[in-house]
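One structure is given here, and the rest of the page talks about it.
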Protein chains: 2
Amino acid sequence: MAVGSRRELRRNQTIDEILTIAVDVMAEVGVAGLSLSEVARRLGIRPPSLYKYFPSRLALFDRLFQLGHQQHLNDFRAGAEAAEPGLPALLSALQASGRWAMANQPLAQLLFWRPVPGFEPSAEAFAPSQAMVEDVRRMLGDAVERGQLAPGAATEEGVAVLSVLVTGMLSQQLANAPRESFDQGRFTRLGPQIFAMFRDRYPPTEDPHGDS
Amino acid sequence: MAVGSRRELRRNQTIDEILTIAVDVMAEVGVAGLSLSEVARRLGIRPPSLYKYFPSRLALFDRLFQLGHQQHLNDFRAGAEAAEPGLPALLSALQASGRWAMANQPLAQLLFWRPVPGFEPSAEAFAPSQAMVEDVRRMLGDAVERGQLAPGAATEEGVAVLSVLVTGMLSQQLANAPRESFDQGRFTRLGPQIFAMFRDRYPPTEDPHGDS
DNA sequence: GTCTATAGCCTGATAGAC
DNA sequence: GTCTATCAGGCTATAGAC
């Protein structure tokens, strides 16, 4: 592999620069408006040189898709670590996820809305997304075990319902008031209420472990 | 105005054709991929001729935006008429709204996600959307009056929460499984559960009118 | 890995004849 | 209202020199 060679290092730095610039461009002209020429222009090279790093425009999108999901997953997991296991961890993780989405809107649009004609993410780029779904499911299971939610929460349906609530909040905020902050947003600020609705849909039975 | 002249009539027919074709094109190449040239090609005229009907590409999008919201509102209201006033009417209307979105995905994306770089809908094109929000609010008020929901439902918050639930369901379905039907969709089929969550968030007090 | 050069397309939009 | 002609520019992608 020789991953650590100076040449490899430099190459990876360039790739990172390309990705950063691409995100900037999407923020300015819209996700679907991303062009390789504009990226090259800002990087100070000629468009053909980009093809040494990405074989096509759609390949760049694939990498951006993967990058976005990876960042999203990282923030989600950091959020989970920042609170008590079980329901608090899940709530904290989802908050972190929402903050990431508002702070990285072009990537969030790419991940959640698929606005690029002809682009279908590769299985590889999709992997972090699946990992997150599994995380959510596991955390729901934790919450059930701790008697914080009814067993129905840790099912396909529970995961789907939760995803509807979270993406609904974010979609409305991103589409209607993208410049409001996560905390002040007219939709995202409803997070606690929305999450309470989820909890109330799967109310825990009392004293499940006899350890209260 | 002379709205009924034969010339006006023919012109409006052509405009309708253009809009229909534009929707077809968006369905094939993505909303942001719509081009005037392709529309002209399918209509059997040259691109410059289109400018007699729409002064620019963005003007076409504006008209499509308005058309979509108008259709959506029509279906929503027809749904409302098809059930008892109050909560049933609202549920029926929202179901009709969801069906319209799944059956008109390119327009739905244009309305709900704003995927076209540089396009901001005009106030005029936005009017039907505001009308629908007012309808929802009025119907929530009806439901409260009838003792089917708590008063909190007919507030800014109630409208926002409901919009989060509905658009969340549709966003997830459109982005992740656009070819599933409204009734079978892994997300849209959760409609009754989701709606029940809304109702349970604003539970009615008992016997509000003494007429039970 | 970078460049020049270029192919080969596409687009939105305008001018002006008919 | 339709056309031809055209502007003026964009883009992805490839070939091949250095």
Side-chain angles (χ1 to χ4, degrees), chain A residues 2-22 24-26 28-65 110 115-120 122, chain B residues 2-22 24-26 28-65 110 115-120 122:
Chain A
V3 192
S5 78
R6 270 211 288 284
R7 179 169 295 163
E8 277 292 326
L9 212 65
R10 184 74 187 90
R11 181 180 167 80
N12 287 335
Q13 281 177 0
T14 303
I15 288 178
D16 284 348
E17 277 184 84
I18 290 171
L19 294 172
T20 303
I21 292 171
D24 291 345
V25 173
M26 287 192 293
E28 290 175 31
V29 304
V31 176
L34 175 64
S35 84
L36 296 182
S37 302
E38 181 59 27
V39 174
R41 211 168 290 130
R42 299 192 188 195
L43 190 55
I45 63 174
R46 305 295 150 188
S49 305
L50 273 181
Y51 286 80
K52 293 291 175 183
Y53 302 95
F54 294 96
S56 72
R57 177 173 177 260
L58 291 183
L60 175 55
F61 273 116
D62 203 56
R63 191 63 173 268
L64 287 165
F65 187 91
L110 181 63
V116 181
F119 168 58
E120 282 297 321
S122 66
Chain B
V3 192
S5 78
R6 269 210 289 284
R7 178 170 296 164
E8 276 293 326
L9 212 65
R10 184 73 187 89
R11 181 180 167 80
N12 287 336
Q13 280 176 0
T14 303
I15 286 177
D16 284 348
E17 275 185 86
I18 291 171
L19 294 172
T20 302
I21 291 171
D24 290 345
V25 173
M26 288 192 292
E28 289 175 33
V29 304
V31 175
L34 175 64
S35 84
L36 296 182
S37 302
E38 183 59 28
V39 173
R41 211 168 290 131
R42 298 192 189 195
L43 190 55
I45 63 175
R46 305 297 149 186
S49 305
L50 273 181
Y51 286 80
K52 292 291 175 185
Y53 301 96
F54 293 97
S56 73
R57 177 174 176 259
L58 291 183
L60 175 55
F61 273 116
D62 203 57
R63 191 60 174 268
L64 287 165
F65 187 91
L110 181 63
V116 182
F119 169 58
E120 282 297 321
S122 66

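Labels below follow one simple rule: chain letters A, B, ... track the order of the sequence lines, proteins then strands, and each chain is numbered from 1.
Summarising the geometry, the separation between OH on A/Tyr51 and C1' on C/dC3 is reported as 16 Å, rounded to the nearest angstrom. Taking atom CD1 of B/Ile18 as the reference point, atom P of D/dG1 lies 10 Å away to the nearest angstrom. Taking atom CG of residue B/Leu58 and atom P of nucleotide C/dA13, one finds them 7 Å apart after rounding to whole Å. For the pair B/Leu36 CG and C/dA13 P, the computed distance is 6 Å after rounding to whole Å. Rounded to whole angstrom, the span from the CZ atom of A/Phe61 across to the P atom of D/dC11 amounts to 13 Å. Rounded to an integer number of Å, the gap from CD1 of B/Ile45 to C1' of D/dT4 is 14 Å. One atom, CG of A/Leu50, and another, P of D/dT14, lie 13 Å apart when rounded to the nearest Å. The nearest whole Å value for the distance from the CG atom in A/Leu43 to the P atom in C/dG1 is 13 Å.
Backbone-only engagement by A/Tyr53 is indicated by non-hydrogen atom pairs under 4.0 Å involving sugar-phosphate atoms exclusively. Counting any heavy atom pair closer than 4.0 Å across all strands shown, A/Pro47 reaches no nucleic acid atom. Using a 4.0 Å heavy-atom cutoff across all strands shown, B/Ser37 reaches sugar-phosphate atoms only and no base atom. Within the 4.0 angstrom heavy-atom criterion, only backbone atoms of the sugar-phosphate kind lie near A/Ser56; the bases stay farther away. Base contact: A/Arg46 has a heavy atom under 4.0 Å from a base atom. As judged by a 4.0 angstrom heavy-atom cut-off over every strand, B/Ser35 is placed among residues touching the sugar-phosphate backbone only.
The CG atom of B/Leu19 sits 11.0 Å away from the OG1 atom of B/Thr14 when rounded to the nearest 0.5 Å. With rounding to the nearest 0.5 angstrom, the CZ atom of B/Arg41 is 11.0 Å from the CG atom of B/Leu36.
If you check C/dA13, D/dA13, C/dG1 against the side chain of A/Lys52, the one that comes closest is C/dG1.
The minimum heavy-atom distance linking B/Pro115 with B/Ala32 is given by the pair O-CB, 3.7 Å.
Put simply, the side chain of A/Val116 does not reach to within 4.5 Å of the side chain of A/Leu34, judged on heavy atoms.
Mapping A/Pro48 and A/Glu38 onto DNA chain D via the closest heavy atom, the residue that lands nearer the 5' end is A/Glu38. Between B/Pro55 and A/Arg11, the residue whose closest nucleotide on DNA chain C is further toward the 5' end is A/Arg11.
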Before you tell me yes or no, could you show the steps for B/Glu8 and B/Arg11 under salt bridge (Lys or Arg N to Asp or Glu O under 4.0 Å), namely the whole-Å CA-CA distance, both residues' side-chain angles and the distance that decides it to 0.1 Å?
CA-CA 5 Å; B/Glu8 276 293 326; B/Arg11 181 180 167 80; 5.4 Å; no

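OP1 or OP2 of C/dT11 lies within a sub-4.0 Å distance of a side-chain N or O belonging to B/Arg41. B/Ser49 has a side-chain polar atom (N or O) that falls below the 4.0 Å cut-off from OP1 or OP2 of D/dC3.
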